[in-house]
Amino acid sequence: MTFRTHTTLGAAAVIALVAASCAGGSDPVATSNGPEVTLGTVPASQDTDEPAATESAPPPTEPAETEPVATDDSSAESSAASSTTVLTPSPNADLPTEATPTEAAPVTTLPGPLPTPDVRLIEVASFNEPVEATGAVGDTRLFIVENGGVVIATDDESTTTVFDIADVAGATFTDEGNEQGLLGLAFHPELDLVYVDFTDGEGNTVVAEFAHDPLTFQFDPASYREVLTIDQPFANHNGGELDFGPDGFLYIGTGDGGSADDPNRSALDVSSRLGKILRIDPVASDAGPFTIPDDNPFVGVEGADAAVWSLGLRNPWRFSFDSLTGDLWIGDVGQNRLEEIDLAPATDGLGAGKGISFGWSAFEAADRFNEDQPEDGHTLPVVSYVHENGSCSVSGGVVARDSSYSDLNGWYVYGDYCSGQVWALDTTSVTSTPDGPVGEPTVVEIATVPELTAVVEGPFGDIYALSLGGQVYRLAPA
């Protein structure tokens, strides 16, 4: 196979771009080859940036001990904000005295390089608009999330529907907008509970809990319980990723609320749940429908939402934790020119992303964007790429660690919805620090999957690529 490296911005280039953008405004990054493209309808997983006039608000291991914090089951977001609320995390957050990136150990050398993977795609199944897939502790099947509200469990021998949102009394649902629908799924690592992320009949984000059968993993529709609801001002940028982290808590990815350009300036506003990764214990308690871990960075900070874990994200369509290191990898969908991969290293396997701002909408990747947003205190992406050769919307992925194809192990696999290109990033070639990326990213193109919605890890560690057209592929040696 012939490998092609896409246009990435390494450490030196990123720092130079930041300096240039701060001095001279928001001049665009120069593209290499390929014209800009105009693309048609983009699915629920991806980004359209329609102007506000056309996207009006729609009618439509044991978890660590937590200290209960008063919570609501909803979060009404501000509809207009002229400046960002800059707040200080509480002392128990183990952060500096600013709401800025956490300290990281000095980086001197990087391991590597890894053997370059040579990949082929094996189609293993076909579904109706798959947008996510995951495994569950105690089960050997892959659970496929269909955008229309269905979850299907599949392996080499059978395919079984385990959930259909149409069977849930009391739940309203919409997938009419091109970024709405059933978007996320996560099984509790210790309890017979499962969590889904979907848009309700008013277009708002709902994270809901169900009990499931411990043997068949069938969801019990009668057990439906709303954990939290987030008001969405527009139909796009709904995020949707759910993932239990190495600490046993639930991490929730939210977009900035939609339209374009972060009009409400939500992403850097720590009083808003939009444009964030949230961290909660989703199990109900006497304190409320969920509790907030007492080491969340904004616990006790006046005016801040204590559920916020990371901020400054535009539409973190897919994120994942490295199963070996605990590092947090995020594919954050860009605005009009730049897509980005963000990395938050863990400390002893924990804490990845704590209190970190990834910069939107002060920056789009390393480009200065909204000049009224503060330019200091943000962690830059380790990889970004320009919209060329048909690319327009990143589909985040996973770090392969236990794949049966050994040459894939240690590579972060991700891609782009519009171009269908699937890339692998050598995780030993670059890392992230508060002062900027260290190293030069090694990225190779390994496959093409039209309408790529996600790259996921299966129950045995193998890596799968999902297409909105229905196909699910397993990555294998060529």
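Counted by atom type alone, D416 and S391 present zero donor-acceptor pairs between their side chains at under 3.5 Å. For the residue pair T325 / D322, a side-chain donor-acceptor distance below 3.5 Å is found, with atom types taken as modelled. Side-chain contact of Y385 with E339: a donor-acceptor pair under 3.5 Å is absent, judged by distance alone. D426 and W411 share no donor-acceptor pair across their side chains, judged by distance under 3.5 Å alone. Side-chain atoms of S271 and D269 include a donor-acceptor pair closer than 3.5 Å. Using a 3.5 Å distance cut-off with no hydrogens or angles, the side chains of N296 and R279 do pair a donor with an acceptor.
Figure legend: R368 and F363 shown as a cation-pi pair, the cationic atom lying under 6.0 angstrom from the six-membered ring centre and within 45 degrees of its axis.
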Tell me, with the steps shown, if E132 and R318 meet salt bridge (Lys or Arg N to Asp or Glu O under 4.0 Å).
CA-CA 9 Å; E132 172 69 307; R318 291 293 172 237; 3.7 Å; yes
For K276 and D305, run salt bridge (Lys or Arg N to Asp or Glu O under 4.0 Å): C-alpha distance rounded to whole Å, both residues' side-chain angles, the deciding distance at 0.1 Å, then the answer.
CA-CA 11 Å; K276 309 296 191 297; D305 191 310; over 6 Å; no
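Taking the six-membered ring where the residue is Trp, W309 and Y251 present perpendicular rings, their angle passing 60° and hence far from 30°. In this pair, F143 and F217 present their aromatic rings tilted. The plane angle is within the 30 to 60° band. Aromatic ring pairs are classed by plane angle as parallel below 30°, tilted from 30° to 60° and perpendicular above 60°; the pair F210 and Y224 is tilted.
Under a 4.0 Å N-O distance rule, the pair D372/R265 qualifies as a salt bridge.
In this structure, the ring of F163 has its center no less than 6.0 angstrom from the ring center of H212.
Here the side chain of S403 pairs no donor or acceptor atom with the backbone of A400 at under 3.5 angstrom. Under a 3.5 Å cut-off, the side chain of W317 and the backbone N or O of T453 do form a donor-acceptor pair.
For the atom pair CG of L466 and OG of S395, the computed distance is 9.5 Å after rounding to the nearest 0.5 Å. Rounded to the nearest 0.5 Å, atoms CZ (F321) and CZ (F319) are 6.0 Å apart.
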